[in-house]
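Contents: one structure, followed by commentary.
Below, chain A is the first sequence line, B the second, and so on; all start at residue 1. Please read these numbers as outputs of a predicted model, since none were measured by experiment.
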Protein chains: 2
Amino acid sequence: MVEDSTLRSPGRRLTKQRRLILRILESRRDHPGALEILEEAKKVQPSISLGTVYRNLKVLAEQGVIKEISTLGEGSRFDAQPVPHSHLVCRRCGKVIDVPFDLSETLDAEVSKQTGYLSVSHALTFYGVCPDCATEAERKRGWATERDEKSEEG
Amino acid sequence: MVEDSTLRSPGRRLTKQRRLILRILESRRDHPGALEILEEAKKVQPSISLGTVYRNLKVLAEQGVIKEISTLGEGSRFDAQPVPHSHLVCRRCGKVIDVPFDLSETLDAEVSKQTGYLSVSHALTFYGVCPDCATEAERKRGWATERDEKSEEG
DNA sequence: GTCTAAATTGATAGAGGTTCTCAATTATTT
DNA sequence: AAATAATTGAGAACCTCTATCAATTTAGAC
Ligand SMILES: [Zn+2]
Ligand SMILES: [Zn+2]
Ligand SMILES: [Zn+2]
Ligand SMILES: [Zn+2]
């Protein structure tokens, strides 16, 4: 639960739309995308628009209050959980689950030192085929077919 | 340098366009996107189309010959370097450079075991502001301003 | 080499996902 | 309360990427 003072950073105004979007994200563990957030926000404020959702997600990410998760293909998803962790993305349905493992932040400083890049952070993302998406044959074999898979690094 | 036998996997035919796209990617270290690859491919075969580039990048990634890199915002970039490594993406210009560090592949098997997901792989991506994009003030301070940054996890 | 079947291409339209524009509204400062 | 600047809602626009389809090319059989 982020306090209002954090959200009222210089040059920013805390609107009810912004607060609503953050509350929705804080209440969920399924890493929703912009459209899913819009859908839930409309239950509270039917007039809210998609552009407002995108704009606020961007501002909240700038403020470091939420994280943007790339799913390689589909649109971005978002996460307001404050504890650092990794993600496991299904290559077929795009579903994102948490993996309770992360690298030390000292690694970021190390990369910054070696490259000269500023404000270095990192994202560790796993990709796989979730049990719901795997075929019966694949489950038996223990691995998904290469066909219709993609090899990713991102 | 990948051999033709690898590229002629079952149900696949090795066209000169496919080979050209792979050769271009193998010759570069700057992780180009589809448009940049198209541009260079046209120098050899002016009639080649963007759709062909996208289709072939997808097939080559399926074959495990190249990797797709997500840059969170801009389009995907691609990499044909065979040695596992991480990437450092500039938050402002999208430039991608290599970081000679990666996690053990045994971690993928561990995640697979714990989650039931099949064919698990991973991507470790660092984000930062490159020296070209940082302002003078930011360089002196040693960190980039929070404003117009995004906090990412993907 | 010739023939056949299937994969691939080029061209173009189309489908998301995300950003931009701008007048009207609202949050903060004085 | 008034002034100032950020934000909103609506919609058009944008960008990346995918789908479609007739024409072409590859790979394998003869
Ligand atoms: Zn799935
Ligand atoms: Zn998460
Ligand atoms: Zn840069
Ligand atoms: Zn690389």
Side-chain angles (χ1 to χ4, degrees), chain A residues 4-5 7-22 31-39 41-42 44-63 66 68-78 91-94 96 147-148 150 152 154, chain B residues 4-22 31-39 41-42 44-63 66 68-78 92 94 147-148 150 152 154:
Chain A
D4 286 3
S5 59
L7 302 173
R8 271 188 264 263
S9 57
R12 292 295 177 195
R13 292 175 186 185
L14 180 51
T15 62
K16 53 167 143 346
Q17 289 90 340
R18 185 118 83 218
R19 211 193 315 252
L20 171 60
I21 288 163
L22 178 56
H31 313 88
L35 243 34
E36 293 164 282
I37 293 169
L38 174 68
E39 200 177 336
K42 278 190 166 170
V44 175
Q45 191 205 144
S47 69
I48 195 169
S49 80
L50 181 57
T52 296
V53 172
Y54 275 111
R55 272 182 309 233
N56 279 301
L57 287 170
K58 187 178 241 185
V59 171
L60 290 167
E62 276 172 25
Q63 293 177 324
I66 67 172
E68 182 177 357
I69 305 166
S70 114
T71 57
L72 206 52
E74 308 169 55
S76 288
R77 288 161 172 267
F78 298 86
R91 290 200 194 89
R92 293 192 179 153
C93 67
V96 176
R147 185 152 202 123
D148 84 351
K150 50 180 143 181
E152 74 300 291
Chain B
D4 286 3
S5 59
T6 306
L7 302 173
R8 271 189 261 264
S9 57
R12 292 296 177 195
R13 291 173 185 187
L14 180 49
T15 63
K16 53 166 145 342
Q17 289 89 342
R18 185 118 84 218
R19 210 192 316 251
L20 172 60
I21 288 164
L22 178 57
H31 312 88
L35 243 33
E36 294 165 279
I37 293 169
L38 175 68
E39 201 177 336
K42 278 189 165 170
V44 176
Q45 191 205 141
S47 68
I48 196 170
S49 80
L50 181 57
T52 297
V53 172
Y54 274 112
R55 274 183 306 233
N56 279 299
L57 288 170
K58 187 178 241 185
V59 170
L60 290 167
E62 276 172 26
Q63 294 178 322
I66 67 173
E68 182 178 357
I69 304 165
S70 114
T71 57
L72 205 52
E74 308 169 54
S76 287
R77 288 161 171 268
F78 299 86
R92 293 192 179 152
R147 186 156 202 120
D148 83 353
K150 51 179 142 181
E152 74 300 292

**Asked** To the side chain of B/K16, which of D/dG9, C/dA27, D/dT26 is closest?
**Response** D/dT26
**Message:** Can you measure B/I48 atom CD1 to D/dT24 atom C1' for me and round it to whole angstrom units?
**Reply:** 15 Å
**Prompt:** How is A/L50 classified with respect to the nucleic acid when contacts are heavy atoms under 4.0 Å: base, sugar-phosphate, or nothing?
**Reply:** base
**Message:** At 4.0 Å (heavy atoms only), tell me whether B/R18 reaches a base, stays on the sugar-phosphate, or touches nothing.
**Reply:** sugar-phosphate
**Request:** Please determine, for the side chain of B/A34, which listed nucleotide (D/dC17, D/dA27, D/dG9) has the closest atom?
**Result:** D/dC17
**Item:** Residues B/R12, B/E62: salt bridge by 4.0 Å N-O rule
**Value:** yes
**Asked** Is the closest side-chain donor-acceptor distance between A/Q17 and A/T52 under 3.5 Å?
**Response** no
**Request:** Could you check how far CD of A/E74 sits from P of C/dA15, rounded to whole Å?
**Result:** 18 Å
**Asked** How long is the line joining CZ of A/R55 and C1' of C/dT21, in whole Å?
**Response** 10 Å
**Asked** Which part of the nucleic acid, if any, lies within contact of B/Q17, taking any heavy atom under 4.0 Å across all strands shown: a base, the sugar-phosphate backbone alone, or nothing?
**Response** sugar-phosphate
**Fill in**
Heavy-atom nearest nucleotide on DNA chain D taken for A/S47 and for B/R13; more 5' hit belongs to A/S47
**Item:** B/R8 (side chain) and D/dG28 (base): donor-acceptor pair under 3.5 Å
**Value:** no
**Message:** Just to be sure I understand the rule, does A/G75 reach a base, reach only the sugar-phosphate, or reach nothing, if contact means heavy atoms closer than 4.0 Å?
**Reply:** sugar-phosphate
**Message:** I need the minimum non-hydrogen distance between A/L38 and A/L50, along with the two atoms involved.
**Reply:** CD1-N, 3.9 Å
**Request:** Return yes if a side-chain donor-acceptor contact under 3.5 Å exists between A/S9 and A/Q63, otherwise no.
**Result:** yes
**Asked** Quick one: A/L38 CG to C/dG17 P, roughly how many Å, whole number?
**Response** 12 Å
**Prompt:** C/dT8 C1' sits how many Å from B/L20 CG, rounded?
**Reply:** 15 Å
**Item:** Spacing between A/Y54 atom OH and D/dA13 atom C1', to the nearest angstrom
**Value:** 15 Å
**Asked** Of the candidate nucleotides D/dT8, C/dT8, C/dT28, which contains the atom at the shortest distance from the side chain of B/T15?
**Response** C/dT8
